[in-house]
Number of protein chains: 2
Amino acid sequence: MSDELRRFKSEIFQALAHPTRIAIVETLRDGELSAGQVIEKLGLEQANASQHLATLRARQVVVNRKVGNQVFYSIRDPALIKVLDILRRYFYSQLSSTVSMLEEASQTAPSKTGHTRR
Amino acid sequence: MSDELRRFKSEIFQALAHPTRIAIVETLRDGELSAGQVIEKLGLEQANASQHLATLRARQVVVNRKVGNQVFYSIRDPALIKVLDILRRYFYSQLSSTVSMLEEASQTAPSKTGHTRR
DNA sequence: TGCGTATACTCAAGTATTCGAATATACTAG
DNA sequence: CTAGTATATTCGAATACTTGAGTATACGCA
């Protein structure tokens with residue numbers, strides 16, 4: 001496989017490699033929002049949000065549309081939502097494995113009630 | 001959604017946010033390989049490969065298994081392969097959009113498409 | 001034991017990201 | 001034009017990542 005493709009993929013991953021940017025993408029999951037709405041929903045600093053949005057734009061993860069005074073953002077390709085969904089399931093399988101590992105390790109065995117966060 | 005979960009997801013993305021690590025994961029796609037085989041297939045420096053493998057291990061993207069002298073790596077969860085496959089398709093759709101955009105732009109008048117580049 | 005191979009770790013230099021503060025731009029209303 | 005709102009950009013300091021060189025550890029064999 002081409003190195004070009006790998007570089008491209010790594011840029012997508014990098015675009016999503018920050019909790020704030022994941023939060024933004026998930027906030028946009030159900031439709032477009034203005035920058036201000038994103039800021040309000042997530043409680044971000046204006047400048048910070050704008051920078052993260054710029055990163056997402058640069059990697060073409062989101063597209064934007066100007067309406068008067070405001071800029072509305074939306075996810076460019078629903079494939080990315082699918083990726084996030086897969087990772088949500090992945091997270092839970094990871095989590096339960098981690099829990100079993102911890103249980104094994106601490107042989108006092110709190111038996112089975114998973115979901116103790118780390 | 002919990003910040004915890006977002007942090008976790010961003011760590012997965014970060015694990016894959018480097019072309020070399022994507023190459024490693026894709027090399028492991030069809031089954032486990034020793035570190036040496038990965039190095040040889042991808043033409044990496046030993047130290048560099050080992051560090052990228054350590055990153056993938058830390059984020060639990062791969063698991064390893066010692067057999068005598070060697071350490072064999074494999075992908076921990078096939079969901080990640082699915083993610084890479086989705087991104088491959090995503091890449092091609094991105095690519096064609098980008099090509100159309102470039103074609104449009106290279107005509108004489110960009111006139112009306114709001115998207116003023118910076 | 002001692003040697004050779006396979007892999008991992010440490011360190012430092014270079015590079016890239018992140019953040020908040022300050023500032024700049026674009027639009028609307030009056 | 002002026003003022004106000006919405007969003008973007010620039011800057012510098014702090015932090016994190018990447019790399020190669022060197023070194024360390026673990027295993028197998030004699």
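Each chain gets a letter, A, B and so on, in the order the sequences are listed, and its residues count up from 1.
- Exactly one of B:Val83, B:Leu16, B:Leu84, B:Val25 qualifies for a side chain to side chain contact (heavy atoms under 4.5 Å, CB included) with A:Lys9. That residue is B:Leu84.
- The phosphate of C:dC19 (OP1 or OP2) has a side-chain N or O of A:His52 nearer than 4.0 angstrom.
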Report summary line: In B/S/- notation (B base, S sugar-phosphate only, - none; protein heavy atoms under 4.0 Å), nucleotides 22-30 of chain C written 5' to 3' is B---SBS--
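- Side chains of A:Arg65 and A:Val71 form no contact here, defined as non-hydrogen atoms less than 4.5 Å apart.
- Checked against D:dT9, D:dC17, C:dA8, the side chain of A:Ala54 finds its nearest nucleotide in D:dT9.
- Residue B:Thr55 is classed as having no contact, given no heavy-atom separation below 4.0 Å to the nucleic acid.
- Considering only the side chain of B:Val71, C:dT7 comes nearest among D:dT18, D:dT9, C:dT7.
- Nucleotide D:dC17 holds its P atom 16 Å from the CZ atom of B:Phe13, rounded to whole Å.
- In this structure, CG of A:Leu44 is placed 13 Å from C1' of C:dT18, rounded to the nearest angstrom.
- With sequence neighbours left out, the ring pair (Phe, Tyr, Trp, His ring centres under 6.0 Å) criterion links B:Tyr73 to no other residue.
- Spacing between atom CG of B:Asn48 and atom P of C:dC9 amounts to 14 Å, rounded to whole angstrom units.
- In this structure, the OH atom of A:Tyr73 is 3 Å from the P atom of D:dA8, given to the nearest Å.
- Among the nucleotides D:dA8, D:dG20, C:dC19, the one closest to any side-chain atom of B:Gln51 is D:dG20.
- Atom-to-atom, CD of B:Glu11 to P of D:dA16 comes out at 12 Å; the value is rounded to the nearest Å.
- One atom, CD1 of A:Ile39, and another, C1' of D:dT5, lie 12 Å apart when rounded to the nearest Å.
- In this structure, A:Gln70 atom CD and D:dG4 atom C1' are separated by 14 Å, rounded to whole Å.
- Heavy atoms of B:Thr20 sit nowhere under 4.0 angstrom from any nucleic acid atom.
- Residues B:Leu28 and B:Ser74 form no side-chain contact, since every pair of their non-hydrogen atoms from C-beta on lies 4.5 Å or further apart.
- Residues A:Arg59 and A:Ala15 share a closest heavy-atom pair of CG-CB, 3.4 Å.
- Between D:dG20, D:dT19, C:dC19, one nucleotide has an atom nearer to the side chain of A:His18 than all others, and that is C:dC19.
- Rounding to whole angstrom units, CD1 of residue A:Ile24 and P of C:dT18 are separated by 11 Å.
- Here A:Phe72 lies out of heavy-atom contact (under 4.0 Å) with every strand.
- The listed nucleotides are C:dT7, C:dT17, C:dT18; the one nearest the side chain of A:Gln14 is C:dT17.
- For the pair B:Asp77 and B:Val61, the minimum side-chain heavy-atom distance is 4.5 Å or more.
- Between B:Asp85 and B:Lys82, none of the side-chain N atoms (NZ, or NE/NH1/NH2) sits under 4.0 Å from a carboxylate O, so this pair counts as no salt bridge.
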